[in-house]
Amino acid sequence: MKGFFVVFEGIDGAGKTTQARLLAQALVQRGHPVVLTREPGGTPVGEKIRSLLLDPVLAGLTPLAEALLYAGARAELVASTIRPALAGGRVVISDRFVDSSLAYQGYGRCLDLKELEQLNALATGGLVPDLTVLLDMPAAEALARLTGRADRIEQERLDFFDRVRWGYRQLVKRAPQRYLVLDGRLGCRELHRQILKAVEERF
Ligand SMILES: Nc1ncnc2c1ncn2[C@@H]1O[C@H](COP(=O)(O)OP(=O)(O)O)[C@@H](O)[C@H]1O
Ligand SMILES: [Mg+2]
């Protein structure tokens, strides 16, 4: 089998990490070689950039610098992990990818979408996921699920996450065939069932 690239997207608390793990487990059980990764992070450099980006102390980070840091971590992840894994025929599952930057830095922080797309095309060499699962739900409900200390992004106001959610939905409209959009309020098991079915259909 040739490599297959699945990405989970959605606002904080929508269930991405939960579903990425469940999908990885199910595919491993079925004998597929799986690489599970996350953004920002997934590499030694990326995890250092992640801790910068999520540090509440850096509350005043400017949007452009933020976008560049995400893109830097992404460039490293694509070159060192994702591309080699896909070339080796593996299934790569990533908890967030380029659409997170378009939704958060574009729609959330109001940076120019075209410029963000150019920056990210440079960072990824134009790599596009085979399937993106968008877990969509109202921001207030998703944020209410989060426990523990809020990171720098999670500390944003509700209207920020409303814009991000709306942004994701705009991204889907541009290329609906690349997405599986599911209601994040469904039960974990039901979401997992639908995601696994969609992935297996596309293999
Ligand atoms: N479908 C679901 N229904 C109810 N709660 C969920 C569901 N999926 C995840 N959760 C819970 O919501 C919280 C956030 O889930 P998580 O997967 O970490 O979201 P994300 O990675 O998108 O921020 C966790 O406590 C998780 O157990
Ligand atoms: Mg998560």
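Start at 1 with the first residue, then count along the sequence. Fair warning: this is a prediction, and the values are worked out from it, not measured in the lab. We count ligands from 1, going down the list as the structure has it; atoms in each ligand are counted the same way.
Closest approach of F4 and V199 over heavy atoms only: CE2-CG1, 4.3 Å. For the pair D183 and M137, the tightest heavy-atom approach, listed with the atom from each and the gap, is OD1-CB, 4.4 Å.
Atoms of ligand 1 found under 4.0 Å from any heavy atom of C188 (numbered from 1 in listed order, with element): 1 (N), 2 (C), 7 (C), 8 (N). Interface atoms of ligand 1 facing L186, defined by a heavy-atom separation under 4.0 Å, are 1 (N), 2 (C), 3 (N). Taking every non-hydrogen atom of L191 and a distance limit under 4.0 Å, the qualifying atoms of ligand 1 come out as 1 (N). Those atoms of ligand 1 with a heavy atom of G184 less than 4.0 angstrom away are 1 (N).
There is a side-chain donor-acceptor pair under 3.5 Å between Y104 and D12. Between the side chains of Y179 and D136, no donor N or O sits under 3.5 Å from an acceptor N or O.
Taking 2.8 Å as the criterion, T18 does not count as a coordinating residue of the Mg ion (ligand 2), since none of its N, O or S atoms falls below it.
Summarising the local packing, CZ of R174 is surrounded by more than 12 heavy atoms from other residues, nucleotides or ligands at distances under 6.0 Å. Annotation: R109, atom CZ; neighbour count of heavy atoms from other residues, nucleotides and ligands within 6.0 Å is above 12.
Taking distance alone, with nitrogen or oxygen atoms compared against 3.5 Å, D12 stays at or beyond that limit from ligand 1. Any N or O atom pair closer than 3.5 Å counts here, and K16 shares at least one such pair with ligand 1.
Checking R74, Q105, E39, E9 one by one against S100, the side chain to side chain donor-acceptor pair (under 3.5 Å) holds for a single residue, E9.
Proximity of a side-chain donor or acceptor of R145 to a complementary backbone N or O of G13 within less than 3.5 Å is detected.
When T18, D183, L135, I11 are checked for heavy-atom proximity to atom 17 (O) of ligand 1, T18 turns out nearest. Ranked by closest heavy atom to atom 2 (C) of ligand 1, the top entry among R145, E9, R185 is R145. With G10, G13, A144 as candidates, the residue nearest to atom 14 (C) of ligand 1 on a non-hydrogen basis is G13.
The side-chain heavy atoms of L61 and L69, taken from C-beta on, include a pair separated by under 4.5 Å.
From the protein, the heavy atom lying nearest to atom 18 (O) of ligand 1 is T17 CB, 4.0 Å. With respect to atom 19 (O) of ligand 1, the closest heavy atom belonging to the protein is G15 N, 3.0 Å.
For atom 24 (C) of ligand 1, no protein heavy-atom neighbour is found at a distance under 4.0 Å.
Close to ligand 1: G187, with a non-hydrogen atom less than 4.0 angstrom away.
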